[in-house]
Amino acid sequence: MIASPVEQLFTLFNETALRLQEELQCTFLEALAETGENLFQGSILQEELSEITKKGLKKQYETIKLEQYTNEDIRKAFQLAILKGMKETAQPNHQMTPDSVGMLTAYLVGKFVKAPSFRLLDPAVGTGNLLLTVLNHSEKQADAIGVDIDDLLIKLAYVNANLQEQPVRLFNQDSIEPLFIDPVDAVVGDLPVGYYPNDFRAADFDIRADEGHTYAHHLFIEQSIRYTKPGGYLFFIIPNGLFESEQAGKLHNFMKEHLIVQGLLQLPSSMFKNKNAAKSIFVVQKKGEGVKPPNQVLLVDLPSLSNKFEMDKILIKIEKWFKENKG
């Protein structure tokens, strides 16, 4: 049985990362970033490796020609390898946006953002999976920026983008600190849920908590709005209980002042092990001159994303909404 392109690439990523992990005495994810960089550069960059390992790796790399694979094949294979590494480390901040959610977000970005070229920001870029899914499915020219505080995740995002030859600018910093970027046309983000520990920095935000730590996901929303042009769209993957917490009042008032809600697509609860962890895709637009609210907000309760018949019905409903509300 012939292996699929994704299987071929995953096998290469996995086997070469395991070799590097053993010899460099590092984690699988660190080794994966190293092997991805080797593959992209076309040479073995780790000078401390033994000659036997270097020869073995060289032989394995030569079995793959990246130009013969699509960006999506590369992304999916690299994602599978990352998921394997994440299971080993089990870091709470190492989460990945599921493929189906990424593709749905990409579809929505394509429908809402009309300009032939646009600037796109992911303020919680992680390994780059969501951002790269959107870029791979976009027919438009996108100038993309990703920000993340985790240096290992940003390195994986960098290697991921390089292997797919997607020009993404990446910043390794706390996304709630000032960002040195020009305003963008659109934001995508799978918002990290939890408390933000730096109360001094949070004090600079309108939605800061009156006492105690402010929710990080609230701050990500306000920060994203700051760096979005008037009329720009923001596509957030949010917890379903976003407006039910004790800090929700301030967030609600802030959003009412600065945003127009375009849509809320509730993801199927079957996607989440814990019902309390269920999420939705929240589509909002920054207020600006000539920006009008839709006749009605797009509200969708998504079926299982693998149920083609039900999903087709939902997509027809979404297309109808766009005709009636976006002309």
Side-chain angles (χ1 to χ4, degrees), residues 3-86 88-89 94 96-97 99 102 106 120 122 125-138 141-148 150-173:
S4 71
V6 172
E7 286 168 336
Q8 290 167 21
L9 286 164
F10 171 76
T11 300
L12 178 80
F13 289 140
N14 182 46
E15 288 179 358
T16 54
L18 286 169
R19 270 184 121 142
L20 285 165
Q21 180 183 14
E22 191 178 347
E23 190 142 345
L24 297 174
Q25 293 292 293
C26 62
T27 67
F28 180 83
L29 286 177
E30 287 166 335
L32 181 62
E34 295 291 330
T35 202
E37 186 69 349
N38 287 349
L39 196 56
F40 176 68
Q41 298 290 354
S43 66
I44 292 159
L45 304 170
Q46 301 77 29
E47 290 174 8
E48 65 271 43
L49 297 176
S50 68
E51 285 308 311
I52 293 172
T53 301
K54 282 182 185 175
K55 276 182 187 161
L57 288 171
K58 189 168 182 290
K59 200 172 172 185
Q60 281 183 283
Y61 293 141
E62 283 168 357
T63 64
I64 292 287
K65 288 188 169 46
L66 281 178
E67 62 273 14
Q68 293 176 357
Y69 296 86
T70 67
N71 275 2
E72 277 295 272
D73 287 338
I74 297 167
R75 183 190 64 75
K76 285 173 183 172
F78 202 67
Q79 176 197 18
L80 285 171
I82 290 171
L83 285 169
K84 180 195 166 181
M86 284 182 174
E88 286 178 17
T89 51
H94 289 186
M96 198 182 289
T97 309
D99 260 11
L120 178 66
D122 185 342
V125 76
T127 63
N129 198 49
L130 173 62
L131 183 61
L132 289 163
T133 304
V134 172
L135 293 178
N136 287 346
H137 288 87
S138 175
Q141 186 66 40
D143 174 16
I145 301 150
V147 186
D148 206 284
D150 189 305
D151 55 349
L152 176 56
L153 296 188
I154 209 92
K155 188 172 182 186
L156 287 163
Y158 162 78
V159 173
N160 209 351
N162 275 348
L163 289 170
Q164 295 171 59
E165 296 190 347
Q166 286 284 17
V168 180
R169 281 186 296 141
L170 294 162
F171 296 88
N172 183 198
Q173 68 159 93

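- Within the structure, every pair that satisfies the ring pair (Phe, Tyr, Trp, His ring centres under 6.0 Å) test and touches residues 4-27, not counting sequence neighbours, is listed here: F13-F78.
- Each of D151, L152, D150 was compared with D148 under the side chain to side chain contact (heavy atoms under 4.5 Å, CB included) criterion, and only D150 meets it.
- Summarising the local packing, CD of E67 is surrounded by more than 12 heavy atoms from other residues, nucleotides or ligands at distances under 6.0 Å.
- Partners of Q21 according to the side-chain contact (heavy atoms from CB on, under 4.5 Å) rule, which considers only residues two or more places apart in sequence or in another chain, are L18, F28, A31, E88.
- Taking both residues in full, the closest heavy atoms of L163 and G36 are given as CD2-O, 3.6 Å, listed atom of the first, atom of the second, then distance.
- Residues R75 and D99 have side chains in contact (heavy-atom distance under 4.5 Å, counting atoms from C-beta outward).
- Within the structure, salt bridge (charged side-chain N to carboxylate O under 4.0 Å, His left out) contacts touching residues 55-66 (residues at least two apart or in different chains) are K58-E62.
- Under the rule for a salt bridge (Lys or Arg N to Asp or Glu O under 4.0 Å), E48 has no partner lying at least two apart in sequence or in another chain.
- For residues 38-76, no pair satisfies ring pair (Phe, Tyr, Trp, His ring centres under 6.0 Å), with sequence neighbours left out.
- Using a 4.5 Å cut-off on side-chain heavy atoms (C-beta onward), L135 and L120 make contact.
- Between the side chain of N129 and the backbone N or O of Q79 there is no donor-acceptor pair closer than 3.5 Å.
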Practice item. In sequence, state the C-alpha distance, the side-chain angles, and the governing distance for L131 and V168, and then conclude on side-chain contact (heavy atoms from CB on, under 4.5 Å). Key: CA-CA 9 Å; L131 183 61; V168 180; 3.7 Å; yes

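- Listed by first and then second residue, the salt bridge (charged side-chain N to carboxylate O under 4.0 Å, His left out) pairs involving residues 14-41 are E34-K155 (not counting sequence neighbours).
- Counting heavy atoms from C-beta outward, I154 and T127 have side chains that stay 4.5 Å or more apart.
- Of the inter-residue distances, the one linking T16 atom OG1 with L39 atom CG reads 7.5 Å to the nearest 0.5 angstrom.
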Check your understanding: Please walk me through it: do N38 and T35 pass side-chain hydrogen bond (donor to acceptor under 3.5 Å, both in side chains)?
Key -> CA-CA 5 Å; N38 287 349; T35 202; 4.9 Å; no

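- Taking CG from L153 and CG from L170, the interatomic distance works out to 11.5 Å, rounded to the nearest 0.5 Å.
- Between N160 and Q166, the closest side-chain pair of non-hydrogen atoms is not below 4.5 Å.
- Counting only distance, with no hydrogens or angles, the side chain of Q60 and the backbone of L57 share no donor-acceptor pair below 3.5 Å.
- Within the 3.5 Å criterion, the main-chain N or O of L49 finds no donor-acceptor partner in the side chain of T53.
- Formation of a donor-acceptor pair under 3.5 Å by the S138 side chain with backbone atoms of V134 is not found in this model.
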